[in-house]
Number of protein chains: 2
Amino acid sequence: MATASSHSPDPRPPLRERKKQRTREALTDAALDLFTRRGFDGVTLDELCDRVEVSKRTFFRTFASKEEVAMAPYEDLWRTFIDDLELRPASPDRPVLQALQDSVLAAMQTMDAGDWAHRLLLCTQLAGKTPAIEAHCLYFCDVTVRAALDVLHRRFSLASHDLRLRLALDILVAAFHRGLETWATRPQAATADQLATDTRAAFAAIPGILTLAAVAPADHA
Amino acid sequence: MATASSHSPDPRPPLRERKKQRTREALTDAALDLFTRRGFDGVTLDELCDRVEVSKRTFFRTFASKEEVAMAPYEDLWRTFIDDLELRPASPDRPVLQALQDSVLAAMQTMDAGDWAHRLLLCTQLAGKTPAIEAHCLYFCDVTVRAALDVLHRRFSLASHDLRLRLALDILVAAFHRGLETWATRPQAATADQLATDTRAAFAAIPGILTLAAVAPADHA
DNA sequence: CAGGCGAATGCCACTAAGTGGCATCCTCTC
DNA sequence: GAGAGGATGCCACTTAGTGGCATTCGCCTG
């Protein structure tokens with residue numbers, strides 16, 4: 001209405017796309033709210049769709065499953081990560097694992113708009129108490145790791161069958177999950193900045209896994 | 001029949017238990033067969049239950065989901081792993097990750113009876129081509145890792161919140177999965193021995209994840 | 001501005017996983 | 001051999017997810 005005269009090019013995506021996007025956001029917001037208040041299993045899709053005034057059929061054209069809508073903010077992060085990998089300048093000689101950590105942190109920075117951190121907090125907590133969501137999340141990570149492997153292979157000619165590379169990606173994801181866990185269970189201050197800090201701390205723990213040794217049982221009280 | 005006279009103590013578990021066990025095995029065998037031949041989604045539980053002559057209600061008293069029956073041989077391995085952890089003598093000064101690898105290999109050795117390797121091969125291949133099964137498998141691993149963390153905490157007073165310990169378990173699982181993948185996609189000879197070999201190779205790749213560096217794009221053909 | 005094209009949506013019927021309740025049957029024990 | 005209790009079967013039900021088709025809505029062209 002108040003925006004563009006008829007002949008100036010509109011920088012925004014066409015209305016159809018914006019509508020789809022709005023539906024998508026309305027669904028995730030309503031889902032996070034309802035799931036958080038009454039539990040994932042305590043809310044039916046019929047109810048969610050009713051709330052957003054959308055048919056169930058449309059829901060499944062937007063999300064592949066009930067789990068996916070709950071993890072949308074999380075999945076957005078990893079999609080951004082893949083995008084970052086595509087564009088990141090090569091840094092030979094630098095350990096791949098380091099570069100990957102940079103990409104994760106960069107992706108986090110990109111997400112930092114609007115209320116993303118808060119939505120991520122909600123879906124992290126939901127995943128923590130809902131096996132079905134957690135399972136979906138872990139599978140999504142698996143797919144993402146394979147996608148990343150593909151990008152690395154294509155852009156930096158890293159052998160995609162090299163076990164070390166795949167394991168580096170796996171440990172990257174695992175460490176990020178620990179960072180998320182720390183962040184989400186913190187009593188307060190689950191800000192985007194704090195998430196970056198917690199993630200860095202989790203990454204820093206990686207080298208220690210090789211040398212960590214058991215204490216003899218007698219060594220403690 | 002030919003086994004025990006009436007007053008000698010029976011070493012076998014009571015009949016009721018044996019029956020349950022037989023149903024369980026019949027279900028997994030039939031499931032692996034049907035799923036392998038016609039795909040996970042191409043077989044309904046009604047059909048599976050009909051084949052084994054068991055009610056669907058009984059199926060769900062034996063397995064928690066359709067996915068679980070397909071991964072039973074895999075899950076058995078990790079349960080054995082946990083048992084091994086419980087009994088394994090402490091080895092202070094030895095890196096925890098090493099000890100954990102020993103436990104996995106020991107568990108594999110224990111499983112080596114009957115046709116286990118073959119069943120594991122089938123369910124690994126199924127997981128590879130069925131997202132629902134893969135997701136279930138990854139979640140199961142997550143639960144197993146937490147259980148292992150608990151044992152390590154209780155037996156060796158390792159701090160269960162130590163990120164390094166958790167990450168060591170995560171990388172252990174990830175590496176095992178790579179070993180499994182190598183083993184299951186090998187053209188032939190998917191034997192228990194070969195699995196041990198492939199698993200060891202995957203474990204050996206772990207230290208390399210820290211130092212692996214990218215090759216400059218210009219460095220290749 | 002008319003009108004049509006194609007994408008997105010809504011509606012309806014349907015399949016199949018998973019659950020609760022209750023009657024029945026089987027195994028163990030005394 | 002009789003009773004107690006666990007395991008099973010059967011039935012009805014909920015709900016996630018899908019396919020098909022009519023309808024609507026944004027977009028583009030004449």
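Note that these values count all heavy atoms, side chains included, but never hydrogens, waters or copies made by symmetry. First the proteins, then the strands, lettered A, B, ... as listed; each starts at 1.
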Nearest to side-chain heavy atoms of [X], which nucleotide of [options]:
{"X": "B/Thr58", "options": "C/dG18, D/dG9, D/dG17", "value": "D/dG9"}
{"X": "A/Arg57", "options": "C/dG18, D/dA16, C/dC11", "value": "C/dC11"}
{"X": "A/Lys66", "options": "D/dG17, C/dG18, C/dT9", "value": "D/dG17"}
{"X": "A/Arg16", "options": "D/dT8, D/dC27, D/dA16", "value": "D/dC27"}
{"X": "B/Ser55", "options": "C/dT9, D/dG9, D/dG26", "value": "D/dG9"}

What is the distance from [atom1] of [X] to [atom2] of [N], rounded to the nearest Å?
{"X": "B/Phe63", "N": "D/dA7", "atom1": "CZ", "atom2": "C1'", "answer": "16 Å"}
{"X": "B/Arg24", "N": "D/dT8", "atom1": "CZ", "atom2": "C1'", "answer": "17 Å"}
{"X": "B/Leu45", "N": "C/dG18", "atom1": "CG", "atom2": "C1'", "answer": "9 Å"}
{"X": "B/Asp46", "N": "C/dA17", "atom1": "CG", "atom2": "P", "answer": "7 Å"}
{"X": "B/Leu48", "N": "C/dT15", "atom1": "CG", "atom2": "C1'", "answer": "17 Å"}
{"X": "A/Phe40", "N": "D/dT15", "atom1": "CZ", "atom2": "P", "answer": "13 Å"}
{"X": "B/Lys56", "N": "D/dC13", "atom1": "NZ", "atom2": "P", "answer": "14 Å"}
{"X": "A/Glu47", "N": "D/dA16", "atom1": "CD", "atom2": "P", "answer": "10 Å"}

Would you call the rings of B/His136 and B/Phe140 parallel, tilted or perpendicular if under 30° counts as parallel and over 60° as perpendicular?
parallel
[atom1] of [X] to [atom2] of [Y]: how many Å apart, nearest 0.5 Å?
{"X": "A/His177", "Y": "B/Leu167", "atom1": "NE2", "atom2": "CG", "answer": "11.5 Å"}
{"X": "B/Leu152", "Y": "B/Arg88", "atom1": "CG", "atom2": "CZ", "answer": "11.0 Å"}
{"X": "B/Glu68", "Y": "B/Lys66", "atom1": "CD", "atom2": "NZ", "answer": "14.5 Å"}
{"X": "B/Leu105", "Y": "B/Thr110", "atom1": "CG", "atom2": "OG1", "answer": "10.5 Å"}

Pair A/Arg22 + A/Glu25, salt bridge at N-O below 4.0 Å:
no
So, do A/Phe176 and A/Phe81 sit near enough that their side-chain heavy atoms are less than 4.5 Å apart?
no
Short of 4.0 Å, heavy atom to strand atom, which residues of residues 126-144 of chain A count as contacting DNA chain C?
none
Want to settle it: does A/Thr44 or A/Arg61 sit nearer the 5' end of DNA chain D, counting the closest nucleotide to each?
A/Thr44
Sorted by position of nearest nucleotide on DNA chain D, 5' first, the leading residue of A/Phe60 and B/Phe59 is B/Phe59
Please determine whether any donor N or O and acceptor N or O are separated by less than 3.5 Å between the side chain of A/Lys19 and the base of D/dG26.
no
